[in-house]
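Here's the structure we're looking at; comments come further down.
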Amino acid sequence: MDSLAFLAWCCVQMLLLLITICRFSGILSFHCFFSSKTCAHGNLNFFWCLFSHLKSFDADCYDPLDPNGNITITFDVLSYVPNGYVARVTIQNYYQYRHVENPGWRFGWTWAKNEVILSMSGAFAIEKGNCSAFNQNTTGYKPLNLTLMAPGLGYTCGLLMETNPTHYSAIGGRRDEQVSRTWKSRCTYSSYLAYTTPICCVSLSTFYNPTITTCPSCSCGCKEANGNAISCVREGAVPSNSLGTDIVQCTNHMCPLRIHWHIKNNYQNHWRVKLTVSNYNYGRNFSDWNVLVQHPGFGLPASVYSFNSTTLSTIGVPEDVALFWGKEFYNTELLQADEHQLGSLTTEILLQKDPTSFTLRNGWGFPRRMYINGENCQMPPPDVFPMLPNGSPRQKPFHGQFPHLLSVLYFIYGTLFGF
Ligand SMILES: *[C@@H]1O[C@H](CO)[C@@H](O)[C@H](O)[C@H]1NC(C)=O
Ligand SMILES: *[C@@H]1O[C@H](CO)[C@@H](O)[C@H](O)[C@H]1NC(C)=O
Ligand SMILES: *[C@@H]1O[C@H](CO)[C@@H](O)[C@H](O)[C@H]1NC(C)=O
Ligand SMILES: *[C@@H]1O[C@H](CO)[C@@H](O)[C@H](O)[C@H]1NC(C)=O
Ligand SMILES: *[C@@H]1O[C@H](CO)[C@@H](O)[C@H](O)[C@H]1NC(C)=O
Ligand SMILES: CC(=O)N[C@H]1CO[C@H](CO)[C@@H](O)[C@@H]1O
């Protein structure tokens, strides 16, 4: 390999990171971090996905809230050298709320001929290819079978396709140059490929009804040995070797993550919600988490006290969509459960009322859909949502005449249930 070291080359541009001098065969993989929050809005509306015929399109592959989301891989061939070529590989995350968890991504491919990687910078080449199979007449074929682990399964990458060569500015912006050749591939995510069961569920409660609507049982698997049973540990019985493993506390839902939506107060012009995310996992922290809420109330300005937030533009989705994530140096990490408590994050949200649409009837005050880290959470069915008290004159839309009574009710329920 030493004799080939002179080919080492270096250059870093754009998001990623690697320069390869390519020549033989094998699978390349490297790991490294890449940007977690990339927001982009495209107008493309086509979408395909492997396995889309196996389960509902909506739930698994096509995400109507982020229809253009993709991870784009670009191979820019910068130059040809006597026995190979120098390429820059760029990975761009165009998903609005899907990031790469620890320990980071891995990316690889198979070579068309018996090429190898002679040198790389900006990433680590774990496997460089088979030097014994090296053939001096090999030229620049495009890599095949791209594989992206981010960090687990879930992504399917298309073939690398020839596109217009990338232009970049050189000499401090005074010259526009282009690379020799550019190939692009689009990788898309399917939670069906990544997880066999959901990883999250939603529970609901209100100030006006003492009944808590729990997560649907067996949302993420069942405790009992009835086919899709998963193992769990009793509350408080922390396993000693849980670090880095997915060991969840036994619950009726068996989900590692739960989001609780509590309608807390109803004021004249505002209403207040408490949002709590709980981690039932004894061996896993979630860093740079995000929570997405689809709910009609978020079109108006809202005050979010403990999380960072934004509204997302979504085309063709009737309700507003808000995205929440942690505040730096405060709660960007959702900690694992321990023997005393669950990992937890919480915020209150003060929402403005739109007098034409606001109501507490018929479950209007509950979210339509919630995601955590881009994974859909199991919602309870609407027929078990907390109801307004039966026969009460106050089941008409609330208009602020009753805040006193409601706050007393809330106080009682809040004390009983510890919201
Ligand atoms: C990937 O997403 C970006 C941003 O939404 C979009 O501009 C681009 O066309 C998409 N790529 C493909 C191949 O669809
Ligand atoms: C490497 O290539 C040589 C020659 O083609 C072959 O005999 C050997 O089995 C290959 N090794 C691996 C690990 O593929
Ligand atoms: C790689 O892709 C080619 C077609 O591009 C296919 O024929 C081959 O079976 C794939 N190999 C693997 C290991 O997936
Ligand atoms: C999660 O974070 C806590 C606190 O920083 C740390 O003690 C624990 O080891 C972490 N767990 C894992 C699995 O990394
Ligand atoms: C909110 O998020 C933005 C983007 O990630 C960040 O720049 C800003 O510092 C965050 N604010 C707080 C208070 O963490
Ligand atoms: C493209 C090219 O030059 N291919 C040659 C590679 O080497 C083999 C055998 O050494 C030749 O048969 C090919 O023509």
Side-chain angles (χ1 to χ4, degrees), residues 1 14-16 23-29 33-50 61-75 90-100 108 110-117 125-138 146 148 150 155-164 166 182-190 287-292 302-316 322-334 345 347 349 373-374:
M1 272 293 179
M14 299 161 82
L15 235 182
L16 171 74
R23 232 42 233 334
F24 320 112
S25 100
I27 297 176
L28 160 94
S29 4
F33 267 101
F34 86 88
S35 140
S36 57
K37 290 184 200 92
T38 311
C39 293
H41 310 288
N43 296 319
L44 267 176
N45 269 307
F46 73 89
F47 203 94
W48 85 96
C49 189
L50 261 159
C61 300
Y62 175 80
D63 181 354
L65 304 184
D66 194 10
N68 302 315
N70 70 71
I71 287 184
T72 297
I73 313 258
T74 308
F75 275 74
T90 307
I91 304 176
Q92 282 160 299
N93 184 0
Y94 288 112
Y95 278 104
Q96 296 191 93
Y97 40 78
R98 190 175 296 291
H99 70 281
V100 177
T110 52
W111 290 112
K113 303 285 170 186
N114 285 326
E115 292 104 326
V116 293
I117 293 160
I126 297 170
E127 288 180 52
K128 297 188 172 187
N130 182 355
C131 283
S132 332
F134 171 69
N135 172 6
Q136 286 290 336
N137 297 316
T138 310
L146 306 190
L148 177 65
Y155 285 92
T156 307
C157 299
L159 287 178
L160 277 176
M161 307 294 269
E162 189 94 36
T163 64
N164 293 334
T166 305
T182 297
W183 297 308
K184 275 188 200 250
S185 162
R186 187 175 83 148
C187 305
T188 51
Y189 182 82
S190 154
S287 50
D288 287 328
W289 57 271
N290 65 58
V291 166
L292 177 138
S303 307
V304 181
Y305 296 99
S306 313
F307 296 168
N308 217 332
S309 73
T310 187
T311 50
L312 296 185
S313 70
T314 46
I315 303 154
L323 187 67
F324 302 94
W325 67 96
K327 291 194 174 184
E328 243 165 296
F329 310 114
Y330 177 52
N331 57 4
T332 52
E333 183 121 334
L334 172 54
L345 299 163
T347 190
I349 307 167
N373 289 347

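Ligands are counted one by one from 1 in listed order, and the atoms in each one are counted from 1 as well.
In this structure the side chain of Ser306 reaches within 4.5 angstrom of the side chain of Asn331, judged on heavy atoms. Ile117 is listed as a side-chain neighbour of Trp111, based on a closest heavy-atom distance under 4.5 Å. Side-chain contact between Phe307 and Leu345 is present, with heavy atoms from C-beta onward closer than 4.5 Å.
Heavy-atom proximity to atom 8 (C) of ligand 1, evaluated over Ile73, Asn70, Asp66, Thr163, is greatest for Asn70.
Contacts between Trp325 and ligand 5 below 4.0 angstrom, taking non-hydrogen atoms only, involve the side chain exclusively.
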### Message
Let's go through Asp63 and Tyr97 carefully: what are the C-alpha distance in whole Å and the side-chain angles of both, what is the deciding distance for side chain to side chain donor-acceptor pair (under 3.5 Å) to 0.1 Å, and is it a yes or a no?
### Response
CA-CA 11 Å; Asp63 181 354; Tyr97 40 78; 2.6 Å; yes

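Atoms of ligand 1 lying under 4.0 Å from any heavy atom of Thr72, numbered from 1 in the order shown and given with element: 1 (C).
At the shortest separation from atom 5 (O) of ligand 2 among protein heavy atoms lies Ala133 CB, 3.8 Å. Nearest non-hydrogen protein atom to atom 2 (O) of ligand 2 is Asn130 ND2, 2.3 Å.
Not one N or O of Lys327 is nearer than 3.5 Å to an N or O of ligand 5, by distance alone. Considering backbone and side-chain atoms alike, Tyr94 places every N or O at 3.5 Å or more from each N or O of ligand 1.
In this pair, Phe75 and Trp183 present their aromatic rings tilted. The plane angle is within the 30 to 60° band.
Atom CG of residue Asn290 and atom CZ of residue Phe324 lie 11.0 Å apart, to the nearest 0.5 angstrom.
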